[in-house]
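Below: the structure, in structure tokens.
Any value given below was found using the heavy atoms of this structure, including those in side chains, with hydrogens, waters and symmetry copies removed. Proteins get letters first, then strands, A, B, ... in listed order; numbering begins at 1 in each.
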Protein chains: 2
Amino acid sequence: MTTETGNPKDHTPCLSTNFLKETDWSVLSSREFQLLNENVTCSEYGVGEYIFYEADPCKGLYLVKSGLIAVKKIDIEGEQVILRLANPGDTLGYRPLLAGEQHRAGAEVIKAASICFLPMAIMRQLLISNHELGAGFLKRTAQALGEADNRFFEAVSLPARVRLIHLLMILRERCGSLIDDGSLFLELPLTRRDMASMLGIRPESLSRLVREIENEGLAHFSGSKITISNPASLLRELDAGLHQL
Amino acid sequence: MTTETGNPKDHTPCLSTNFLKETDWSVLSSREFQLLNENVTCSEYGVGEYIFYEADPCKGLYLVKSGLIAVKKIDIEGEQVILRLANPGDTLGYRPLLAGEQHRAGAEVIKAASICFLPMAIMRQLLISNHELGAGFLKRTAQALGEADNRFFEAVSLPARVRLIHLLMILRERCGSLIDDGSLFLELPLTRRDMASMLGIRPESLSRLVREIENEGLAHFSGSKITISNPASLLRELDAGLHQL
DNA sequence: CGCCAGGTTGATTTCGCTCAAGCAATGTGG
DNA sequence: CCACATTGCTTGAGCGAAATCAACCTGGCG
């Protein structure tokens with residue numbers, strides 16, 4: 001069903017302290033960092049490859065060095081629902097590890113990625129030796145829970161159009177740039193299909209929404225590039241459906 | 001808008017070690033338990049009262065001794081969406097506390113409740129003095145995240161009917177009993193409106209689904225009492241929409 | 001060049017919502 | 001004790017948003 005190119009074989013310890021500085025791992029001592037780096041296995045993944053599948057046992061964590069990964073579930077008809085994206089610096093698979101469960105979602109590579117695997121046993125060791133690490137993941141998990149609750153809430157109480165606008169505004173932080181004249185430019189690393197999966201709608205419906213917004217002159221879509229001439233008007237529409245950010 | 005009866009005033013330390021034995025707090029030492037009990041403020045809440053509101057600052061935790069609480073969000077049209085229920089033994093407000101956020105949902109009493117408040121400062125102290133406590137909440141939060149992801153997934157990929165059946169099967173664990181002849185009996189502590197809010201649909205739609213299922217002879221609904229003559233057939237329908245439990 | 005995947009568009013259907021009325025159970029005041 | 005609101009639930013008629021089904025672009029690539 002999916003392309004299975006590339007091979008996750010090279011075994012070079014490859015985490016720079018630099019890279020980890022801005023992540024959950026920044027609290028590690030240099031000794032702990034060494035333990036981490038000695039036990040990590042780095043691999044390259046091509047687009048379409050899976051890092052792990054739904055219902056797989058959780059064997060450890062995956063640190064995303066580069067690329068983009070979609071965490072998704074598949075329904076009975078084979079349709080995909082994307083739960084979240086993982087960007088460089090993010091850690092994958094920590095939820096099942098901490099919950100003591102198996103994976104409840106799969107992770108598919110969307111943009112060619114470089115990823116380091118950390119076996120569960122080492123992670124447990126680190127969690128015991130460094131309580132700040134656990135505290136960090138605790139905070140992150142609690143925040144993720146808030147976002148997940150919010151996704152459910154929006155899915156059942158907001159029309160697809162407002163959810164699309166919200167998604168664009170969230171993506172703005174990572175993929176957006178402000179242009180001279182105050183207009184907003186986005187270049188999304190997502191296909192239409194992926195965006196639809198994040199919204200929980202069909203690609204056809206997304207297509208229609210895009211066209212509708214385009215026709216209203218609120219934004220201009222060209223492939224994965226989006227120009228929003230008047231961000232304020234979209235934000236106003238968003239506020240009409242939300243109370244908080 | 002809501003009835004504001006009862007008064008949360010009495011200040012009796014009221015947590016029995018017995019009660020906490022089966023909760024997240026069982027890992028406390030007797031010294032820590034004493035600290036907990038000395039700083040806890042117990043109150044009685046009547047149906048319809050709020051324990052905290054959406055966007056309130058998080059001042060601490062609430063331990064549910066008895067009763068039933070609905071954690072909910074309200075959309076712009078005033079419609080409610082119930083995110084989860086809190087039963088005796090559950091702790092409320094730990095997510096915002098651990099995430100360092102304000103409340104992102106309100107907590108309304110559904111069945112008259114007895115609830116103990118624990119100030120944030122004491123909780124932080126306990127988290128530092130007893131790492132097992134943090135580990136327990138970490139696990140619980142990670143599990144809750146899995147369930148929240150699943151709710152979103154179901155909301156966008158399953159029809160309301162299947163979600164209703166799933167809800168009944170989840171409620172079975174707490175509100176159900178098996179009758180002699182293999183049929184299943186449920187007595188729900190929820191109004192129709194509450195059930196609809198949990199499914200993210202309107203009460204009218206729920207009413208129609210109930211009638212439909214009743215007409216098919218799959219179950220008999222009478223007020224909050226439900227008799228399911230052939231649970232297997234409902235479970236089969238559920239499996240047709242899910243792969244995992 | 002022909003193929004194919006990703007995207008768009010149109011026609012139609014369907015599921016759940018809205019609006020409105022009706023009904024039973026409960027409560028309240030005269 | 002009865003007349004009358006109130007509340008929770010159900011039912012019906014009509015509507016609308018998104019899904020479905022099917023055709024048709026479009027651009028990249030062997």
Side-chain angles (χ1 to χ4, degrees), chain A residues 1-3 5 46-48 70 75-82 108 110-111 154-165 167 188-215 219-226 237 241, chain B residues 1-3 5 46-48 70 75-82 108 110-111 154-165 167 188-215 219-226 237 241:
Chain A
M1 173 165 252
T2 59
T3 59
T5 58
V47 172
D75 74 13
I76 203 71
E77 276 112 20
E79 285 303 327
Q80 311 191 325
V81 177
I82 294 182
E108 183 184 358
I110 280 186
K111 214 174 78 188
E154 293 192 6
V156 302
S157 68
L158 294 181
R161 174 178 166 125
V162 181
R163 272 148 58 207
L164 168 59
I165 294 175
L167 178 60
L188 304 182
L190 299 167
T191 64
R192 286 285 136 98
R193 168 165 292 279
D194 288 334
M195 252 201 285
S197 297
M198 294 186 74
L199 297 169
I201 62 177
R202 305 285 144 178
E204 298 97 313
S205 300
L206 175 58
S207 215
R208 286 181 234 278
L209 287 175
V210 163
R211 176 165 232 274
E212 186 181 294
I213 291 176
E214 175 110 36
N215 283 342
H220 177 246
F221 297 76
S222 149
S224 58
K225 296 181 180 60
I226 308 176
E237 186 172 337
Chain B
M1 173 163 257
T2 59
T3 60
T5 59
V47 172
D75 73 12
I76 202 72
E77 275 110 22
E79 284 303 326
Q80 311 191 324
V81 177
I82 294 183
E108 185 185 356
I110 279 186
K111 215 175 76 188
E154 294 192 6
V156 301
S157 68
L158 294 181
R161 173 175 167 130
V162 180
R163 273 147 57 207
L164 168 58
I165 294 175
L167 177 61
L188 304 183
L190 299 168
T191 64
R192 286 284 135 99
R193 170 164 291 279
D194 288 335
M195 252 201 285
S197 297
M198 294 186 75
L199 296 168
I201 62 177
R202 304 285 144 179
E204 297 98 314
S205 299
L206 176 57
S207 215
R208 286 180 233 281
L209 288 176
V210 163
R211 175 165 230 273
E212 186 182 294
I213 291 176
E214 175 111 36
N215 283 343
H220 178 245
F221 297 77
S222 152
S224 58
K225 295 180 181 60
I226 308 176
E237 186 171 337

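Residues passing the salt bridge (charged side-chain N to carboxylate O under 4.0 Å, His left out) test with B/Glu212, sequence neighbours excluded: B/Arg161.
B/Asp194 and B/Ser197 are not linked by any side-chain donor-acceptor pair at a separation below 3.5 angstrom, with hydrogens and angles left out of the test.
Checked by atom type and distance alone, the side chain of A/Arg208 never pairs as donor or acceptor with a backbone atom of A/Pro203 at under 3.5 Å.
Residues B/Leu158 and A/Asp75 are not in side-chain contact: their nearest non-hydrogen atoms beyond the backbone lie 4.5 Å or more apart. Using a 4.5 Å heavy-atom cutoff, the side chains of B/Glu79 and B/Arg202 are in contact. Side-chain contact between B/Leu206 and B/Leu164 is present, with at least one heavy-atom pair separated by less than 4.5 Å.
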Worksheet item: What string of B, S and - do you get for nucleotides 15-30 of chain D, 5' to 3', if B is base contact, S is sugar-phosphate-only contact and - is no contact with any protein heavy atom under 4.0 Å?
Response: ---SSBB---------

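Nucleotides of DNA chain C that come within less than 4.0 Å of any heavy atom of chain A span, from the 5' end to the 3' end, C/dG7 to C/dA11.
Note: B/Glu237 CD to B/Ile165 CD1 = 3.5 Å, rounded to the nearest 0.5 Å.
Atom CZ in B/Arg193 sits about 13 Å away from atom C1' in D/dT10, given to the nearest Å.
When all heavy atoms are compared, the tightest approach of A/Ala160 to A/Ile201 is CB-CG2, 3.9 Å.
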